[in-house]
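This report refers to the structure that appears directly beneath it.
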Amino acid sequence: MFAVVKRDGESKARAGVLKTAHGDIPTPVFMPVGTTGTVKGILQRDLVDEIGAWIILGNTYHLYLRPGTTIMKEAGGLHRFMGWDRPLLTDSGGYQVFSLSGNRKLTEEGAIFRSHIDGSKHFFTPENTIDIQRIIGADIIMAFDECAPFPCEYNYARRSVDLTHRWLDRAVARYRETDPVWGHEQFLFPIVQGSTFEDLRKISAEKVASAGMTGNAIGGLSVGEPAEEMYRMIETVNEILPEDKPRYLMGVGTPVNILEAIDRGIDMFDCVMPTRNGRNGMLFTGEGTINIKNRKWINDFSPIDPEGPSSVSLNYSKAYLRHLIISGEILGSQISSIHNLAFYLKLVGEARKKIEEGDFKRWKNAMVKKLSERL
RNA sequence: GGGGAGAUACCAAAGCGGCCAACUGGGGCAGACUGUAAAUCUGCUGGCAAAUGCCUUCGUAGGUUCGAAUCCUGCUCUCCCCA
């Protein structure tokens, strides 16, 4: 299911392959986020042809509320519903319990929450989030967890981790006693929590490792803590998570975050940054990050990114993209999203190549320096 | 030719004696965004010191008043209606 192909000599970085029913995923990998069954503004065709996405995300909370499991069943699962035959991963909705915190209540049993769409009341449990994810049919599904906010009192974090662990046992039990609805194998990834407390992270990593799943995830990071804290937690957790299984750092991050995490042994990433920030005018380029809305680009007719991770990066100018974004044109969002995602995919692809060549560390340090530039 | 309405910062538009450097919208400028309630949100937008401060603004020239974008008079311009 997962095989490490090559390890970097001077760091924890590794290149691997995760085999799923819908295809092999070379790691390190970045997974574009397609919450409601769409990577916002991008055709599935372009995800493949322009971006080179190996796998994308969907979200249990969002898909459960709309269109709902009845339609998902009728459609034959999310793959068929959205016309995507590469691998899919669904988040369990744990993050929504965190980010929609004004509308929910946690109990031992699960989370009672209100729909952000119509205010209706719903209940998520470790068990029914497995059931829903069986119906959605993603190749990788996530355990229902609580993503603690930052900053967070130690006692709150401790209770939160304990609850997440009890929920994990229940999720694994349900996972084991149910079969895939659509016939293909689904991997359940448990999630390490513990806020920024080293001892809690260790305990959580032990717990997650002991679940013996195909891959493991680290959650509850990049929620406002300093990057150094995040890196420290990754180091702590990766000491414990098995080497021979993929490690998924949820919700991360900036290009620099990703390189630093790869350096520390992370294999999988997802983040809304390339798409959301792209729609808002932030472009990641080989020369650094730019805010395309800034006046200085008004008559810069050079390509968006001469290093051209996608064809749109070369075929459209900064001045044109600025015009589109400033004018609120849909095409601006599309071009920005395609470019940014292609940039991310190319970045992790290069990281993989450098690991294979045994030159990751040196390359990473140079890249971090370059990418930190704000143009 | 006669009658009426109006001229406010980049634009539109409030304000009709002091709480007005002037509501609000747009535009402009900048910032934020990390398992997507986000094609969203925030700040600034006369000048200078940039913290409390000072200086020049509401077509224009005068006037009334302790005090005017707000009241009065002349002028200029714009729009509408009737000939």
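Below, chains carry the letters A, B, ... as their sequence lines are ordered, and counting in each starts from 1. Quick caveat, the model's predicted, so the values are computed rather than measured.
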Taking any heavy-atom pair under 4.0 Å as a contact, classify [X]: base, sugar-phosphate, or nothing.
X: Q334(A); result: nothing
X: N257(A); result: base
X: L57(A); result: sugar-phosphate
X: N294(A); result: sugar-phosphate
X: I326(A); result: sugar-phosphate
X: D270(A); result: sugar-phosphate
X: G220(A); result: base

[X], nearest nucleotide to its side chain (from [options]):
X: R295(A); options: A30(B), U36(B), G31(B); result: A30(B)
X: S222(A); options: A37(B), U34(B), G35(B); result: U34(B)
X: C271(A); options: G35(B), A37(B), U36(B); result: G35(B)
X: N280(A); options: C33(B), G35(B), A37(B); result: C33(B)
X: K293(A); options: G35(B), A32(B), U36(B); result: A32(B)

Quick check: closest heavy atoms across [X] and [Y], and the distance to 0.1 Å?
X: I112(A); Y: F123(A); result: CG1-CD1, 3.5 Å
X: A143(A); Y: P190(A); result: CB-CA, 4.1 Å
X: D139(A); Y: P87(A); result: OD2-CA, 3.2 Å

Quiz prompt | Any S99(A) side-chain nitrogen or oxygen under 4.0 Å from OP1 or OP2 of A37(B) | solution =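 For A37(B), OP1 or OP2 has a side-chain N or O of S99(A) closer than 4.0 Å.
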Self-check item: R104(A) side chain near A37(B) phosphate (N/O to OP1/OP2, under 4.0 Å)
Solution: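 Checking A37(B) against R104(A), no side-chain N or O comes under 4.0 Å of OP1 or OP2.
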Both distances under 3.5 Å, Watson-Crick or G-U wobble: report the partner of [N], or none.
N: A32(B); value: U40(B)
N: C10(B); value: G26(B)
N: G74(B); value: U60(B)

Exercise. Give a yes or no on whether the ring-centroid distance for Y316(A) and H339(A) is below 6.0 angstrom.
Key: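 No: the rings miss the under 6.0 Å criterion.
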Practice problem: Sequence neighbours left out, what passes side-chain hydrogen bond (donor to acceptor under 3.5 Å, both in side chains) with H62(A)? Give chain and number order. | Solution: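 Partners of H62(A) by the side-chain hydrogen bond (donor to acceptor under 3.5 Å, both in side chains) criterion come out as none, since no residue qualifies.
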